[in-house]
Amino acid sequence: MRLRDTQRLELPPTADMHVHLRQGPMMELVVPQIRNGGVDTVFPNLQPPITSVAQALEYKAGLQAIEPRVQYLMSLFLHPSVTPEVIAEAAAAGITGVKLYPQGVTTNSENGVASFDDFLPTFAAMEQHGLVLNLHGEVPGAPPSDGTSLEEAFLPTLKNLNTRFPNLRIVLEHCSTAAALDAVRACGHSVAAHHLYLTGEDSQVDPLAFCKPIPKKASDRDALLQAVVSGDPKFFFGSDSAPHSLPSKRDPAHPSQPAPAGVFTQPFATQLVLLALEDAVERGVVSADAVTSDALGGFLSRHARAFYKLPPPDEKTSKIVLERKGETVPASIRAGAPAEDGSVLEVGLSKAGAGVFSLSWA
């Protein structure tokens, strides 16, 4: 279909398999936005890291208290305290997976993994108990001098893990390069909404577009777009929506200070994927014939649910309806009440001003 000419579209609810919902006032602001983006299932991250089953269940209860209509899949942060015994406990408690961040590769990864070899028994326990390993696939440090990206430099590690633990379900989160697409077809992985429309140049000039992994070349972006509509069940959606207060992203008093990595897309998660595909069709990168309701429903919903062994979406009881009503992405969202110091929490949105589908639930 040619999305630019499409006036109405019905899809199964989106499953967002990589998202940051924060805690405290930020959590209270962001969590009610989940369903605005057409999402009914999320797999959240958290700082400080969750390293025990009790912490994960406590966080889940806090999320459910704010928005009970969303299914929250919980994870642990890979840390020396996450032993094979903890993995067994997590599996019994319904924890879905374990997040692995190489130390120092992104925001809040100071407590990440320095050596994969230290966790081989934990990976074996995950394989045994059916927990998913979710990877931030980059190596720490500066990019290699040959122009290889940090993500591409990580791919041999991914291959080695897959070889040593062939029954361990592995997700390379927010895949951002064509090379990674080629390397991980033996694994599942998620594609972030903003990697479908951003390039490295965008990330360098707009703090609201700065994220890690840093978006790469236009050719990488276009390869991701083609994967989205390929019908391959190994590709599924994870927004990597990561809210930061607007002053921290744009601080006129400290213009030279780097902005924290993270692009906020949650209120328009589904709509921005469609917008990226709309543009891809117009540019000739993706064929209009490839953009079908089945392909969209697969990437946004069914593929992830199958990979994570969840029931398929029941579209007889719940679906999302997208219609052209002239809606545009606002510049930001704001908390309704000021904090004790009188300030009002505000988060800037990616793609502000862009025309998008209006979304409702049926």
Side-chain angles (χ1 to χ4, degrees), residues 17-18 20 45 47 49 51 75-80 82 97-124 126-127 132-166 168-192 194-195 198-204 209-221 223-224 227 234-235 238 240 242 258-263:
M17 307 314 289
H18 181 195
H20 301 265
N45 288 357
Q47 168 66 21
T51 57
S75 65
L76 301 179
F77 181 96
L78 191 58
H79 180 270
V82 180
V98 174
K99 302 274 188 173
L100 189 160
Y101 289 83
Q103 193 173 76
V105 296
T106 189
T107 307
N108 298 328
S109 64
E110 298 83 4
N111 298 313
V113 170
S115 170
F116 280 64
D117 289 344
D118 294 342
F119 293 94
L120 297 181
T122 300
F123 297 146
M126 292 176 61
E127 185 179 45
V132 176
L133 177 62
N134 298 83
L135 297 169
H136 181 111
E138 291 185 294
V139 297
S145 58
D146 63 359
T148 302
S149 70
L150 296 176
E151 182 176 78
E152 291 171 290
F154 179 81
L155 296 177
T157 301
L158 174 68
K159 181 179 180 181
N160 181 52
L161 278 172
N162 189 225
T163 300
R164 297 189 69 163
F165 303 99
L168 175 62
R169 286 175 292 155
I170 302 174
V171 175
L172 179 65
E173 295 187 325
H174 43 52
C175 178
S176 66
T177 60
L181 292 178
D182 292 335
V184 300
R185 295 188 189 273
C187 311
H189 66 284
S190 63
V191 179
H194 48 275
H195 284 295
L198 295 177
T199 64
E201 292 180 358
D202 300 316
S203 191
Q204 290 171 7
F210 177 62
C211 59
K212 291 184 178 180
I214 294 172
K216 307 304 189 299
K217 302 185 294 291
S219 58
D220 292 310
R221 176 201 59 202
L224 296 176
K234 295 170 185 172
F235 300 106
D240 195 19
V263 175

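Predicted model, so just to flag it, every value in this text is computed and none were measured. In what follows, every heavy atom counts, from backbone to side chain, and hydrogens, waters and symmetry copies are set aside. The residues of the chain are indexed from 1 along the displayed sequence.
Between the OG1 atom in T157 and the CG atom in L172 there is a gap of 11.0 Å [rounded to 0.5 Å]. Distance check, rounded to the nearest 0.5 Å: CG of L100 to CG of L76 gives 12.5 Å. Expressed to the nearest 0.5 Å, how far CG of L155 lies from CG of D182 amounts to 9.5 Å.
Two residues are said to be in side-chain contact when any heavy atoms from C-beta on lie closer than 4.5 Å; D220 and K217 meet this criterion. Using a 4.5 Å heavy-atom cutoff, the side chains of L120 and F165 are in contact. Side-chain contact between E138 and P102 is absent, with no heavy atoms from C-beta onward closer than 4.5 Å. The closest side-chain heavy-atom distance from I170 to L135 is below 4.5 Å. Side chains of F119 and V82 form no contact here, defined as non-hydrogen atoms less than 4.5 Å apart.
The minimum heavy-atom distance between P121 and D118, with the atom names listed, is CD-O, 4.2 Å. Here the shortest heavy-atom pairing between T51 and F77 reads CG2-O, 3.7 Å. The minimum heavy-atom distance between A153 and T148, with the atom names listed, is N-CG2, 3.8 Å. Between V98 and M126 the shortest heavy-atom distance is CB-CE, 3.7 Å. Residues L181 and C175 share a closest heavy-atom pair of CD2-SG, 3.8 Å. For F116 against F154, the heavy-atom pair with the smallest separation is CZ-CE1, 3.7 Å.
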(message) Quick one, T177 with E152, criterion side-chain hydrogen bond (donor to acceptor under 3.5 Å, both in side chains). Give me CA distance, side-chain angles, the key distance, then yes/no.
(response) CA-CA 8 Å; T177 60; E152 291 171 290; 5.2 Å; no
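E127 is linked by a side-chain hydrogen bond (donor to acceptor under 3.5 Å, both in side chains) to nothing, counting only residues two or more places apart in sequence or in another chain.
Applying the side chain to side chain contact (heavy atoms under 4.5 Å, CB included) test between K99 and each of H18, H79, H136 identifies H18 as the sole match.
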